[in-house]
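Here's the structure, in C-alpha coordinates; my notes come after.
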Amino acid sequence: MGNVGAKEVPTLLTPEGLRIDGRRLDELRALKVTAGPLHEADGSAFVEWGANKVMAAVYGPREVHPRHLQENNKAIVQCRYNMAAFSVDERKRPGLDRRSQEISKVIAEAFESVIFAEEYPRTSIDVYIEVLQANAGTRCAGIVAASVALADAGIPMVDLLPAVAVGKIAGRIVLDLKKEEDNFGEADLPMALVPQSGRLVLLQMEGHLNRAELSEALDLGVKGCRQIYDVMKQALRDRYAVRPEGHTGGAA
Ligand code: UDP
(Lines give C-alpha, C1' and ligand atoms only; values in the text may rest on other atoms or scores of the structure.)
Protein backbone atom coordinates (compact mmCIF):
# COMPACT_ATOMS: atom_id res chain seq x y z
CA MET A 1 0.00 0.00 0.00
CA GLY A 2 1.32 3.45 -0.90
CA ASN A 3 0.10 6.69 0.66
CA VAL A 4 -1.09 9.65 -1.38
CA GLY A 5 -2.21 12.34 1.02
CA ALA A 6 -4.74 10.79 3.35
CA LYS A 7 -5.94 8.29 0.73
CA GLU A 8 -4.53 4.79 0.60
CA VAL A 9 -3.87 3.75 -2.97
CA PRO A 10 -3.44 0.00 -3.37
CA THR A 11 -0.53 -1.37 -5.40
CA LEU A 12 -2.33 -2.54 -8.52
CA LEU A 13 0.49 -4.65 -10.03
CA THR A 14 3.03 -6.82 -8.22
CA PRO A 15 6.68 -6.81 -9.34
CA GLU A 16 5.88 -10.13 -11.06
CA GLY A 17 3.18 -8.38 -13.11
CA LEU A 18 0.19 -9.91 -11.31
CA ARG A 19 -2.94 -8.01 -10.32
CA ILE A 20 -4.41 -7.54 -6.81
CA ASP A 21 -6.50 -10.69 -7.16
CA GLY A 22 -3.61 -12.67 -8.67
CA ARG A 23 -4.81 -12.42 -12.27
CA ARG A 24 -2.58 -11.96 -15.29
CA LEU A 25 -3.02 -8.80 -17.39
CA ASP A 26 -5.15 -10.60 -19.99
CA GLU A 27 -7.21 -12.73 -17.61
CA LEU A 28 -10.96 -12.48 -17.02
CA ARG A 29 -12.57 -12.81 -13.61
CA ALA A 30 -14.51 -16.06 -13.09
CA LEU A 31 -17.72 -15.87 -15.12
CA LYS A 32 -20.86 -17.96 -14.67
CA VAL A 33 -23.97 -17.42 -16.80
CA THR A 34 -27.31 -19.11 -16.07
CA ALA A 35 -30.04 -18.85 -18.69
CA GLY A 36 -33.73 -18.84 -17.73
CA PRO A 37 -33.76 -18.63 -13.90
CA LEU A 38 -36.97 -16.51 -13.80
CA HIS A 39 -40.18 -18.21 -14.81
CA GLU A 40 -42.51 -15.19 -15.10
CA ALA A 41 -40.37 -13.29 -17.61
CA ASP A 42 -40.33 -14.19 -21.33
CA GLY A 43 -36.57 -14.57 -21.02
CA SER A 44 -34.02 -14.20 -18.25
CA ALA A 45 -30.40 -14.73 -17.29
CA PHE A 46 -28.25 -14.45 -14.17
CA VAL A 47 -24.61 -13.48 -14.41
CA GLU A 48 -22.03 -13.96 -11.66
CA TRP A 49 -18.81 -12.34 -12.77
CA GLY A 50 -16.09 -11.86 -10.17
CA ALA A 51 -18.03 -10.21 -7.32
CA ASN A 52 -20.73 -8.86 -9.68
CA LYS A 53 -24.19 -10.42 -9.53
CA VAL A 54 -26.61 -9.23 -12.20
CA MET A 55 -30.10 -10.43 -13.16
CA ALA A 56 -31.72 -9.62 -16.49
CA ALA A 57 -35.34 -10.14 -17.49
CA VAL A 58 -36.89 -9.59 -20.91
CA TYR A 59 -40.56 -9.04 -21.73
CA GLY A 60 -41.91 -8.84 -25.25
CA PRO A 61 -42.54 -8.26 -27.95
CA ARG A 62 -45.55 -6.72 -26.18
CA GLU A 63 -47.83 -3.69 -26.27
CA VAL A 64 -45.97 -0.36 -26.04
CA HIS A 65 -46.24 1.71 -22.85
CA PRO A 66 -46.42 4.67 -23.00
CA ARG A 67 -48.45 4.34 -26.20
CA HIS A 68 -47.04 7.41 -27.99
CA LEU A 69 -43.61 5.72 -28.22
CA GLN A 70 -45.06 3.08 -30.57
CA GLU A 71 -43.45 2.86 -34.03
CA ASN A 72 -45.45 1.59 -37.00
CA ASN A 73 -42.62 -0.17 -38.80
CA LYS A 74 -40.61 -1.74 -35.97
CA ALA A 75 -40.40 -2.75 -32.32
CA ILE A 76 -38.87 -0.29 -29.90
CA VAL A 77 -36.21 -1.55 -27.48
CA GLN A 78 -36.53 -0.16 -23.94
CA CYS A 79 -33.92 -0.84 -21.27
CA ARG A 80 -33.79 -0.13 -17.55
CA TYR A 81 -30.46 -0.64 -15.80
CA ASN A 82 -30.78 -0.35 -12.03
CA MET A 83 -28.32 -0.79 -9.18
CA ALA A 84 -29.95 -2.12 -6.01
CA ALA A 85 -29.44 0.07 -2.92
CA PHE A 86 -27.61 -2.87 -1.29
CA SER A 87 -25.36 -3.61 -4.30
CA VAL A 88 -22.41 -1.50 -3.13
CA ASP A 89 -20.69 -1.10 0.24
CA GLU A 90 -21.91 2.45 0.76
CA ARG A 91 -25.69 2.42 0.38
CA LYS A 92 -26.63 3.85 -3.00
CA ARG A 93 -29.62 6.16 -3.23
CA PRO A 94 -32.37 4.05 -4.78
CA GLY A 95 -33.86 4.99 -8.13
CA LEU A 96 -32.80 6.14 -11.57
CA ASP A 97 -29.91 8.59 -11.23
CA ARG A 98 -28.12 10.14 -14.21
CA ARG A 99 -25.57 7.33 -14.38
CA SER A 100 -28.32 4.67 -14.57
CA GLN A 101 -30.16 6.66 -17.24
CA GLU A 102 -27.02 6.96 -19.35
CA ILE A 103 -26.21 3.26 -19.00
CA SER A 104 -29.82 2.29 -19.83
CA LYS A 105 -29.66 4.42 -22.98
CA VAL A 106 -26.33 3.10 -24.30
CA ILE A 107 -27.39 -0.50 -23.62
CA ALA A 108 -30.74 0.01 -25.42
CA GLU A 109 -28.86 1.46 -28.41
CA ALA A 110 -26.44 -1.48 -28.46
CA PHE A 111 -29.35 -3.95 -28.59
CA GLU A 112 -31.27 -1.88 -31.18
CA SER A 113 -28.38 -2.49 -33.53
CA VAL A 114 -28.59 -6.31 -33.29
CA ILE A 115 -32.32 -7.04 -32.77
CA PHE A 116 -34.44 -7.60 -35.92
CA ALA A 117 -36.95 -5.01 -34.68
CA GLU A 118 -38.77 -4.68 -38.02
CA GLU A 119 -40.20 -8.16 -37.49
CA TYR A 120 -42.40 -6.85 -34.66
CA PRO A 121 -43.93 -3.49 -35.63
CA ARG A 122 -45.93 -1.54 -33.00
CA THR A 123 -44.46 -3.55 -30.11
CA SER A 124 -41.94 -3.04 -27.35
CA ILE A 125 -39.10 -5.30 -26.26
CA ASP A 126 -38.39 -4.46 -22.62
CA VAL A 127 -35.07 -5.29 -21.00
CA TYR A 128 -34.64 -5.01 -17.23
CA ILE A 129 -31.18 -5.23 -15.69
CA GLU A 130 -30.90 -5.40 -11.92
CA VAL A 131 -27.44 -5.18 -10.38
CA LEU A 132 -27.65 -7.04 -7.05
CA GLN A 133 -23.94 -6.81 -6.24
CA ALA A 134 -21.49 -4.45 -7.94
CA ASN A 135 -17.73 -4.62 -8.36
CA ALA A 136 -17.00 -2.66 -11.58
CA GLY A 137 -17.96 -3.72 -15.08
CA THR A 138 -21.66 -3.91 -14.22
CA ARG A 139 -22.81 -2.37 -17.51
CA CYS A 140 -20.89 -5.12 -19.33
CA ALA A 141 -22.25 -7.82 -17.02
CA GLY A 142 -25.70 -6.30 -17.68
CA ILE A 143 -25.25 -6.55 -21.45
CA VAL A 144 -24.09 -10.17 -21.17
CA ALA A 145 -27.09 -11.04 -18.97
CA ALA A 146 -29.59 -9.12 -21.14
CA SER A 147 -28.24 -10.67 -24.30
CA VAL A 148 -28.71 -14.22 -23.00
CA ALA A 149 -32.15 -13.21 -21.64
CA LEU A 150 -33.14 -11.88 -25.10
CA ALA A 151 -32.04 -15.14 -26.71
CA ASP A 152 -33.92 -17.05 -23.99
CA ALA A 153 -37.04 -14.99 -24.89
CA GLY A 154 -36.63 -16.05 -28.52
CA ILE A 155 -36.05 -12.52 -29.82
CA PRO A 156 -34.34 -12.75 -33.23
CA MET A 157 -30.91 -11.06 -33.20
CA VAL A 158 -27.89 -10.84 -35.47
CA ASP A 159 -25.79 -12.35 -32.68
CA LEU A 160 -25.29 -12.43 -28.91
CA LEU A 161 -23.44 -9.41 -27.50
CA PRO A 162 -20.48 -10.26 -25.29
CA ALA A 163 -19.12 -7.22 -23.42
CA VAL A 164 -16.16 -6.43 -21.19
CA ALA A 165 -14.23 -3.44 -19.82
CA VAL A 166 -10.54 -3.12 -20.57
CA GLY A 167 -8.39 -0.48 -18.94
CA LYS A 168 -5.01 0.77 -17.87
CA ILE A 169 -3.50 0.20 -14.44
CA ALA A 170 0.05 1.00 -13.35
CA GLY A 171 0.86 1.83 -16.97
CA ARG A 172 -0.29 -1.51 -18.40
CA ILE A 173 -3.35 -2.44 -20.47
CA VAL A 174 -5.49 -5.04 -18.67
CA LEU A 175 -8.66 -7.03 -19.25
CA ASP A 176 -11.79 -6.88 -17.07
CA LEU A 177 -11.18 -4.28 -14.34
CA LYS A 178 -12.33 -4.99 -10.80
CA LYS A 179 -13.39 -2.23 -8.40
CA GLU A 180 -9.98 -1.09 -7.11
CA GLU A 181 -8.57 -1.15 -10.64
CA ASP A 182 -11.51 0.92 -11.89
CA ASN A 183 -11.18 3.40 -8.99
CA PHE A 184 -7.40 3.84 -8.97
CA GLY A 185 -6.49 2.94 -12.56
CA GLU A 186 -5.73 5.34 -15.41
CA ALA A 187 -8.42 4.32 -17.89
CA ASP A 188 -11.64 2.31 -18.14
CA LEU A 189 -13.02 1.30 -21.54
CA PRO A 190 -16.21 -0.78 -21.62
CA MET A 191 -17.11 -2.34 -24.97
CA ALA A 192 -19.64 -4.72 -26.53
CA LEU A 193 -18.87 -6.76 -29.64
CA VAL A 194 -20.89 -8.45 -32.38
CA PRO A 195 -18.66 -11.53 -32.59
CA GLN A 196 -19.48 -12.64 -36.14
CA SER A 197 -18.78 -9.28 -37.78
CA GLY A 198 -16.28 -7.89 -35.27
CA ARG A 199 -18.41 -4.70 -35.03
CA LEU A 200 -18.37 -2.78 -31.73
CA VAL A 201 -21.87 -1.59 -30.75
CA LEU A 202 -20.85 -0.02 -27.44
CA LEU A 203 -17.59 1.75 -26.72
CA GLN A 204 -17.08 4.21 -23.91
CA MET A 205 -13.97 5.55 -22.27
CA GLU A 206 -13.02 7.25 -19.04
CA GLY A 207 -9.42 8.35 -18.48
CA HIS A 208 -6.55 8.65 -20.95
CA LEU A 209 -4.95 6.31 -23.47
CA ASN A 210 -2.58 7.13 -26.33
CA ARG A 211 -3.19 5.72 -29.81
CA ALA A 212 -0.99 2.62 -29.33
CA GLU A 213 -2.59 1.87 -25.95
CA LEU A 214 -6.08 2.29 -27.40
CA SER A 215 -5.31 -0.16 -30.16
CA GLU A 216 -3.85 -2.66 -27.64
CA ALA A 217 -6.91 -2.20 -25.42
CA LEU A 218 -9.34 -2.82 -28.29
CA ASP A 219 -7.49 -6.00 -29.35
CA LEU A 220 -7.49 -7.28 -25.76
CA GLY A 221 -11.18 -6.46 -25.34
CA VAL A 222 -12.13 -8.27 -28.54
CA LYS A 223 -10.22 -11.37 -27.36
CA GLY A 224 -11.98 -11.17 -23.98
CA CYS A 225 -15.38 -10.81 -25.67
CA ARG A 226 -14.74 -13.97 -27.69
CA GLN A 227 -14.08 -15.93 -24.46
CA ILE A 228 -17.23 -14.48 -22.90
CA TYR A 229 -19.21 -15.37 -26.04
CA ASP A 230 -18.34 -19.06 -25.52
CA VAL A 231 -19.66 -18.95 -21.93
CA MET A 232 -22.90 -17.28 -23.11
CA LYS A 233 -23.49 -19.87 -25.83
CA GLN A 234 -22.83 -22.69 -23.37
CA ALA A 235 -25.40 -21.23 -20.93
CA LEU A 236 -28.04 -21.34 -23.68
CA ARG A 237 -27.02 -24.87 -24.68
CA ASP A 238 -27.33 -25.99 -21.05
CA ARG A 239 -30.78 -24.41 -20.80
CA TYR A 240 -32.12 -26.01 -23.95
CA ALA A 241 -30.18 -29.28 -23.98
CA VAL A 242 -32.57 -32.19 -24.37
CA ARG A 243 -32.17 -34.60 -21.47
CA PRO A 244 -32.28 -38.34 -22.21
CA GLU A 245 -35.83 -38.61 -20.83
CA GLY A 246 -36.94 -35.90 -23.25
CA HIS A 247 -37.31 -32.91 -20.90
CA THR A 248 -35.71 -29.58 -21.80
CA GLY A 249 -32.85 -28.35 -19.62
CA GLY A 250 -34.16 -25.37 -17.62
CA ALA A 251 -37.93 -25.63 -17.97
CA ALA A 252 -40.02 -25.05 -14.83
N1 UDP B 1 -20.24 2.29 -7.91
C2 UDP B 1 -20.68 2.58 -6.63
N3 UDP B 1 -21.73 3.46 -6.46
C4 UDP B 1 -22.34 4.07 -7.52
C5 UDP B 1 -21.88 3.77 -8.81
C6 UDP B 1 -20.84 2.88 -8.98
O7 UDP B 1 -20.16 2.05 -5.65
O8 UDP B 1 -23.28 4.86 -7.32
C9 UDP B 1 -19.16 1.30 -8.07
C10 UDP B 1 -19.71 -0.06 -8.50
O11 UDP B 1 -18.93 -1.10 -7.91
C12 UDP B 1 -19.49 -0.03 -9.99
C13 UDP B 1 -18.15 0.68 -10.04
O14 UDP B 1 -18.25 1.70 -9.08
O15 UDP B 1 -19.48 -1.32 -10.55
C16 UDP B 1 -17.80 1.27 -11.40
O17 UDP B 1 -18.83 2.09 -11.84
P18 UDP B 1 -18.90 2.60 -13.34
O19 UDP B 1 -19.77 3.83 -13.34
O20 UDP B 1 -17.56 2.67 -13.95
O21 UDP B 1 -19.77 1.47 -14.08
P22 UDP B 1 -19.50 -0.09 -14.29
O23 UDP B 1 -18.00 -0.29 -14.31
O24 UDP B 1 -20.14 -0.81 -13.15
O25 UDP B 1 -20.13 -0.42 -15.60
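Keep in mind that what you see is a predicted model, and the values were worked out from it rather than measured. Order of listing sets the numbers, starting from 1, for every ligand and every atom in it.
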Checklist entry - Are a donor atom and an acceptor atom from the side chains of R237 and Q234 found within less than 3.5 Å of each other? => result yes

Checklist outcome for this item: A student comparing R93, E102, M83, R99 should find that the heavy atom closest to atom 21 (O) of ligand 1 comes from R99

Item to check | atom 20 (O) of ligand 1 [closest protein heavy-atom partner, distance rounded to 0.1 Å] | outcome: D182 OD2, 3.3 Å

Checklist entry - Going by the order shown, which atoms of ligand 1 are within less than 4.0 Å of some heavy atom of A134? => result 10 (C), 11 (O), 15 (O)

Checklist entry - Which atoms of ligand 1 sit under 4.0 Å from any heavy atom of N135? => result 11 (O), 15 (O)

Next on the checklist: I'd like to know if E213 and R211 make a salt bridge, using a cut-off of under 4.0 Å between side-chain N and carboxylate O.
Outcome noted: no

Checklist entry - Do any heavy atoms of A165 fall under 4.0 Å from ligand 1? => result no

Next on the checklist: If the test is side chain to side chain contact (heavy atoms under 4.5 Å, CB included), which one of I228, D230, I143 qualifies with P162?
Outcome noted: I228

Checklist entry - Nearest to atom 9 (C) of ligand 1 by heavy atom, Q133, K179, E90, E206: which? => result K179

Next on the checklist: For S113, run the side chain to side chain contact (heavy atoms under 4.5 Å, CB included) check against L202, V194, V201 and tell me which one passes.
Outcome noted: V201

Item to check | Any side-chain heavy-atom pair of T138 and Y81 under 4.5 Å | outcome: yes

Checklist entry - Do L69 and Q78 come within less than 4.5 Å of each other through their side chains, counting heavy atoms only? => result yes

Checklist entry - Closest non-hydrogen protein atom to atom 7 (O) of ligand 1, residue and atom name please, with distance? => result V88 CG1, 3.1 Å

Checklist entry - Is there at least one pair of N or O atoms, one from R139 and one from ligand 1, spaced under 3.5 Å apart? => result yes

Next on the checklist: Need the ligand 1 atom indices (1-based, order shown) with element for anything under 4.0 Å from a heavy-atom of D188.
Outcome noted: 20 (O)

Checklist entry - With respect to atom 15 (O) of ligand 1, which of A136, A141, C140 exhibits the smallest heavy-atom separation? => result A136

Checklist outcome for this item: Sorted by chain and residue number, the side-chain hydrogen bond (donor to acceptor under 3.5 Å, both in side chains) partners of R122 (sequence neighbours excluded) come out as none

Next on the checklist: If you measure every N or O of G137 against every N or O of ligand 1, does any of those distances drop under 3.5 Å?
Outcome noted: yes

Checklist entry - Looking only at heavy atoms of P190, does any of them come nearer than 4.0 Å to an atom of ligand 1? => result no

Next on the checklist: Check this for me - ligand 1, K92, N or O atoms closer than 3.5 angstrom, yes or no?
Outcome noted: no

Item to check | Which segment of T138 sits under 4.0 Å of ligand 1 when only heavy atoms are counted | outcome: both

Next on the checklist: Assess whether a salt bridge exists between D152 and R239, defined as any Lys/Arg side-chain N lying under 4.0 Å from an Asp/Glu carboxylate O.
Outcome noted: yes

Checklist entry - So do L193 and R199 actually touch side chain to side chain, heavy atoms under 4.5 Å? => result no

